[in-house]
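In this text, all values refer to a predicted model and were calculated from it rather than measured experimentally.
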Amino acid sequence: MLNLLLQGMASSSDDRQEESGGFFGNIKKFLDFIFKIIDKVFKIMPIASVTGIHIPSLSLEKLDLSADVLIKNRSPLSIPLVASDYLVESDGNKLISGEISDVGNIEARSEKTVTVEVCFIFEEIRNIGLEIRPGSVIPFRIKVDLNVHVPIFGKLTLPLEETGNIPIPDRPDIDLEKIQITEFSFEETVSVFHLKLENKNEFEMGLKGLEYEIWLCEISIGGAQIEQSADVGHKGVTLIEIPITFRPKDFGQAIWEAITEHSINYAIKGHVDVDTPFGTMKLPIDKEGGAPIHK
């Protein structure tokens, strides 16, 4: 919860005279003092706070972030909310800025939550010169200047800010470490594919499932969607065993000849479903290589 800071609005000429300690500067100081006394006694000024930061959607390409701002109207009159501004930065570098509009009124002695929605396109952030590495986690600060019209006192700005971290996700690395064949014949071959999945991110992943298709010698032998549970730490590795039964005679002589050897070329494509500290994600997997065959 952030403390409310009230900013009285003055014209640019007033500001210049205030800086020089002029008459209008003294008047503004006096009015600010009166406003604080009135608010302390009658509690009529609005107060606001950031109550939550959420990441509704996260992918390799973009991140959607929303900030909930709770505004409490303590006066007996309705207060209009007018166009307000927000800024998101990381280590002093601007990531994105924009305007909040059409937020409506806050009824007398009530409260209202305004949601600030921000979309980070990672490629656009790279294009403005910021170095963001796939798999990293970067700090952010969101600043909101919330503008309201208070009866009698006029326009006030409620400056708010909140900090947190956002991920720049990277796809996991997957390898077919070996193919263990338990039953071997031209009619039907029973095997277990041993996969190694590496988390290349600086945050933990909870593996929930895997959807895949596998090619041997550039011929698809099929695919499936399976449930798989494992905790994969930062830069960690987990092993996955997939039982696969296929009929070499259905795929031609090339696969049969290949699996009689000690290794075979493969390709695997699909995605993994994972839980992260920032929400659920569907991360693609795509790998080609060679794998040993154990009989």
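Checked against side chain to side chain donor-acceptor pair (under 3.5 Å), Ser97 has the following partners two or more places apart in sequence or in another chain: Lys94. Residues forming a side chain to side chain donor-acceptor pair (under 3.5 Å) with Ser110 (at least two apart in sequence, or on another chain): none. For Asp64, the side-chain contact (heavy atoms from CB on, under 4.5 Å) criterion is met by Pro56, Ser57, Lys62, Cys119, not counting sequence neighbours. Qualifying side-chain contact (heavy atoms from CB on, under 4.5 Å) partners for Lys249, counting only residues two or more places apart in sequence or in other chains: Phe186, Glu187, Arg247. Taking the side-chain contact (heavy atoms from CB on, under 4.5 Å) definition, one finds that Glu183 meets it with Val190, sequence neighbours left out. For His294, the side-chain contact (heavy atoms from CB on, under 4.5 Å) partners at least two apart in sequence or on another chain are Lys178, Gln180, Pro292. Listed by chain and residue number, Ser59 satisfy the side chain to side chain donor-acceptor pair (under 3.5 Å) test with Glu61 (two or more places apart in sequence, or in another chain).
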Scan the side chains in residues 211-226 for donor-acceptor partners under 3.5 Å anywhere in the protein, sequence neighbours excluded, and list what turns up.
residue: Glu213; atom: OE2; partner: Ser220; partner atom: OG; Å: 2.7
residue: Ser220; atom: OG; partner: Gly222; partner atom: N; Å: 3.3

Please tabulate, for side-chain N and O atoms in residues 252-266, each donor-acceptor pair with protein atoms closer than 3.5 Å (sequence neighbours left out).
residue: Thr260; atom: OG1; partner: Glu257; partner atom: O; Å: 2.5
residue: Tyr266; atom: OH; partner: Leu176; partner atom: N; Å: 3.1

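Residue-environment remark: CD (Glu99) exceeds the threshold of 12 foreign heavy atoms within 6.0 Å.
Linking Ile, Leu, Val, Met, Phe, Trp and Tyr residues whenever their side-chain heavy atoms come within less than 4.5 Å places Ile179 and Phe184 in a single cluster. Ile138 and Leu87 fall into different hydrophobic clusters, where Ile, Leu, Val, Met, Phe, Trp and Tyr are joined by side-chain heavy atoms under 4.5 Å apart, directly or via other members. The cluster map of Ile, Leu, Val, Met, Phe, Trp and Tyr, joined by side-chain heavy atoms under 4.5 Å apart, puts Ile181 and Ile244 in the same cluster.
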Output, in order, the C-alpha distance, side-chain angles, deciding distance and verdict of side chain to side chain contact (heavy atoms under 4.5 Å, CB included) for Val69 and Val116.
CA-CA 8 Å; Val69 178; Val116 182; 4.3 Å; yes
Might you work through the side chain to side chain donor-acceptor pair (under 3.5 Å) test for Asp68 and Thr51, ending with a clear yes or no?
CA-CA 6 Å; Asp68 295 332; Thr51 58; 4.8 Å; no
Applying side chain to side chain contact (heavy atoms under 4.5 Å, CB included) to Lys112 and Lys72, what does each step give before you reach the verdict?
CA-CA 7 Å; Lys112 182 176 185 176; Lys72 296 182 179 181; over 6 Å; no
Test side chain to side chain contact (heavy atoms under 4.5 Å, CB included) applied to Val237 and Val232, step by step:
CA-CA 6 Å; Val237 170; Val232 192; 5.8 Å; no
From CA spacing to verdict: side chain to side chain contact (heavy atoms under 4.5 Å, CB included), Arg171, Leu60
CA-CA 7 Å; Arg171 68 179 63 204; Leu60 292 179; 4.1 Å; yes
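A heavy-atom distance below 4.5 Å is not found between the side chains of Leu197 and Asp173. Looking at heavy atoms from C-beta onward, Met205 lies in side-chain contact with Leu283 at the 4.5 angstrom threshold. Residues Leu239 and Leu195 fail the side-chain proximity criterion, which asks for heavy atoms closer than 4.5 Å. Residues Val272 and Ile285 are in side-chain contact: their nearest non-hydrogen atoms beyond the backbone lie under 4.5 Å apart. When side chains are defined from C-beta on, Ile71 does not count as touching Thr113, because their heavy atoms never get closer than 4.5 Å. Inter-residue side-chain proximity for Thr163 and Phe140 is flagged as unmet; no heavy-atom pair is nearer than 4.5 Å. Inter-residue side-chain proximity for Glu111 and Leu70 is flagged as met; some heavy-atom pair is nearer than 4.5 Å. Using a 4.5 Å heavy-atom cutoff, the side chains of Ser78 and Asn105 are in contact.
In this structure, Ile106 CD1 and Leu77 CG are separated by 13.0 Å, a value rounded to the nearest 0.5 Å. Remark: Ser75 OG to Glu107 CD distance equals 10.5 Å, nearest 0.5 Å. The CG atom of Leu207 sits 9.0 Å away from the CG atom of Asp231 when rounded to the nearest 0.5 Å. Distance check, rounded to the nearest 0.5 Å: CG of Leu58 to CZ of Phe120 gives 11.5 Å. Going from atom CD1 of Ile55 over to atom OG of Ser66 covers 9.0 Å, rounded to the nearest 0.5 Å. Note that OG of Ser90 is 13.5 Å distant from CD1 of Ile96, once rounded to the nearest 0.5 Å.
In the model, Thr157 has a side-chain atom that pairs as donor or acceptor with a side-chain atom of Asn147 under 3.5 Å.
Contacts classified as ring-ring contact (aromatic ring centres under 6.0 Å, His included) and involving residues 268-291 (residues at least two apart or in different chains) are given here: Phe203-Phe278. The list of salt bridge (Lys or Arg N to Asp or Glu O under 4.0 Å) pairs with a residue in residues 115-128, not counting sequence neighbours, reads Glu123-Arg126. Sorted by first and then second residue, the side-chain hydrogen bond (donor to acceptor under 3.5 Å, both in side chains) pairs with a member in residues 190-206 read Arg133-Glu202, Asn199-Asn201; sequence neighbours excluded.
Asp273 pairs in a side-chain hydrogen bond (donor to acceptor under 3.5 Å, both in side chains) with only one of the listed residues (Lys208, Lys282, Gln228), which is Lys282. Under the side chain to side chain contact (heavy atoms under 4.5 Å, CB included) rule, Ile132 has a single partner from Leu95, Ile168, Ile166, which is Ile168.
Nearest heavy-atom pair, Ala48 versus Leu158, reported as atom, atom and distance to 0.1 Å: CB-CD1, 3.9 Å. Taking each heavy atom of Pro167 and Phe122 in turn, the nearest pair found is O-CZ, 3.6 Å.
At a threshold of 4.0 Å, the pair Arg141-Glu161 counts as salt-bridged, since one of the basic side-chain nitrogens sits closer than that to a carboxylate oxygen.
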